[in-house]
Amino acid sequence: MKGLSLNFAVLSTAIMLYMCQATTHLHPLILIPGSGGNQLEARLTAEYKPSNWFCNRWYPLKKETDGWFRLWFDPSIILSPFTKCFADRMMLYYDLDIDDYKNAPGVETRVPNFGSIESLLYLDPHLKHITAYMEPLVKSLEKIGYVEGESLFGAPYDFRYGLAAEGHPSAVGSNFLNDFKHLVENASTLNGGKPVVLLSHSLGGLFVLQLLNRNSISWRQKYVKHFIALSAPWGGTVQQMLTFASGNTLGVPLANPLIVRNEQRSSESNLWLLPSPKVFSQKNKPLVIAQNASYSAYDIAQFFEDIGSPERVYPYKSRILPLVLQNFVAPEVPITCIIGSGVETPDALFYGECGFDEQPEVVYGDGDGTVNMVSLLALEMEWGDNRNQTLKVIKVPGVSHTSILQDGQALEHIVGEINCINSEVSPLFVFSSQ
Ligand SMILES: *[C@@H]1O[C@H](CO)[C@@H](O)[C@H](O)[C@H]1NC(C)=O
Ligand SMILES: *[C@@H]1O[C@H](CO)[C@@H](O)[C@H](O)[C@H]1NC(C)=O
Ligand SMILES: *[C@@H]1O[C@H](CO)[C@@H](O)[C@H](O)[C@H]1NC(C)=O
């Protein structure tokens with residue numbers, strides 16, 4: 001406890017939160033981004049068939065000599081002829097023969113700079129101001145002594161792909177978990193064997209929980225000090241049903257979300273983020289209300305049929321549903337969830353006469369603007385009584401799903417938590433002394 005304990009008792013809670021001093025004893029830290037949170041590169045092969053003249057091989061003009069170019073994020077996709085090219089190239093296909101997802105024919109993809117934070121600072125390094133992602137968080141980490149490549153690492157991945165239930169291959173997602181595992185080991189070795197802190201945003205948290213539970217308890221205890229999950233959608237979101245039904249512009253100023261709807265429907269990780277019946281477990285609570293039917297989290301397969309996307313039913317039922325219906329297995333690595341709250345979040349969607357091509361009327365509830373509160377708090381619900389699992393939840397009122405990476409108060413909470421972890425003062429001890 002390094003002699004700090006006496007002082008704590010006389011200080012107010014607010015100060016105690018940030019009381020752990022910055023220290024030079026740093027556990028290495030790995031950042032895991034959310035969906036769309038890192039760059040992706042593509043290259044077109046001879047098999048590539050453009051869907052129209054604009055999407056020909058010349059687009060985009062700027063490529064490396066070996067043909068690689070940045071697929072995500074490229075600002076030209078906001079111009080509508082190119083939005084379609086982008087969507088065609090981002091599309092995934094489920095292949096029944098191999099029971100796995102793959103890229104569009106003729107499109108090779110890769111994630112640049114695995115291991116480094118380089119491709120998750122900005123989505124487009126030429127447009128730093130408008131595409132900054134983890135850059136403000138990284139600045140805060142550098143202030144307490146973290147150094148890129150020495151104590152600070154990044155695990156970017158192809159966020160279109162997910163993971164599947166046991167017995168189903170998921171080549172891209174499993175390769176990522178394998179590289180990620182080696183990165184954890186390397187980061188620890190580089191730092192004298194200190195176990196690492198994993199800091200995820202959004203979808204990244206779901207991958208981290210799988211990484212932990214797919215490795216042995218002795219591996220976890222040796223290599224992982226703590227897992228901090230920011231804005232993790234443990235049980236999916238109602239908003240994801242909107243994305244599947246009507247498309248979602250993801251904050252990019254696209255004229256028409258229907259242009260990207262097919263691409264968004266094709267993504268495997270998007271299936272993973274649909275509301276899980278385990279978490280949205282009130283059977284009679286409709287999440288989507290349409291003219292002729294309503295759908296709870298138990299009715300996702302019917303929902304796919306009715307929105308005109310029946311080809312999702314099989315992969316959803318076979319690969320995704322058994323994965324999300326599993327009990328959340330406690331990895332017995334200490335976890336802190338930091339979440340936004342009190343931001344209007346889609347809770348139910350009402351579709352009128354025009355069906356699913358129109359944007360719905362939305363009824364809002366509590367959450368972080370994207371993820372519903374019930375999903376943000378799912379681990380707490382699940383593990384509240386599990387004495388083997390240390391879990392702490394920090395709510396930051398008024399902070400949204402992505403502003404948690406930029407908001408001053410949220411960053412203070414994140415850095416405060418990391419300082420506590422590094423100074424080995426148990427956060428539980430700090431709280432119990434108030
Ligand atoms: C881990 O370190 C080894 C040996 O230096 C290197 O070959 C490998 O590429 C590294 N892997 C990762 C994921 O960092
Ligand atoms: C609802 O059902 C009626 C009668 O079957 C049909 O005419 C109508 O097109 C349906 N509406 C929608 C939005 O699917
Ligand atoms: C906690 O750990 C003990 C000892 O390993 C085990 O027997 C017990 O079943 C665990 N409890 C839970 C809720 O997982």
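Because the structure is a prediction, the values reported are computed rather than measured. Order of appearance sets the numbers: ligands from 1, and atoms from 1 within every ligand.
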Evaluation steps, salt bridge (Lys or Arg N to Asp or Glu O under 4.0 Å), between E185 and K222:
CA-CA 9 Å; E185 293 168 359; K222 176 163 186 212; over 6 Å; no

Intermediate values then yes/no, side-chain hydrogen bond (donor to acceptor under 3.5 Å, both in side chains), Y59 and S76:
CA-CA 10 Å; Y59 166 73; S76 71; 2.8 Å; yes

Inventory of protein N or O atoms under 3.5 Å from ligand 3 N or O:
unit_1: ligand 3; atom_1: 2 (O); unit_2: N388; atom_2: OD1; d: 3.3
unit_1: ligand 3; atom_1: 2 (O); unit_2: N388; atom_2: ND2; d: 2.3
unit_1: ligand 3; atom_1: 11 (N); unit_2: N388; atom_2: ND2; d: 2.8
unit_1: ligand 3; atom_1: 14 (O); unit_2: N388; atom_2: ND2; d: 3.4

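Partners of H126 under the side-chain contact (heavy atoms from CB on, under 4.5 Å) rule, at least two apart in sequence or in another chain, are K62, R70, D124. Scored by the side-chain contact (heavy atoms from CB on, under 4.5 Å) test, D158 finds L40, T109, V111, R160, Y161, V172 as partners (sequence neighbours excluded).
At a 4.0 Å heavy-atom cut-off, ligand 1 touches D179 through the backbone alone.
The ring of H201 has its center closer than 6.0 angstrom to the ring center of Y133.
Judged as a side-chain hydrogen bond (donor to acceptor under 3.5 Å, both in side chains), the pairs with a partner in residues 165-176 (not counting sequence neighbours) are, in order, D99-H168, S170-S174.
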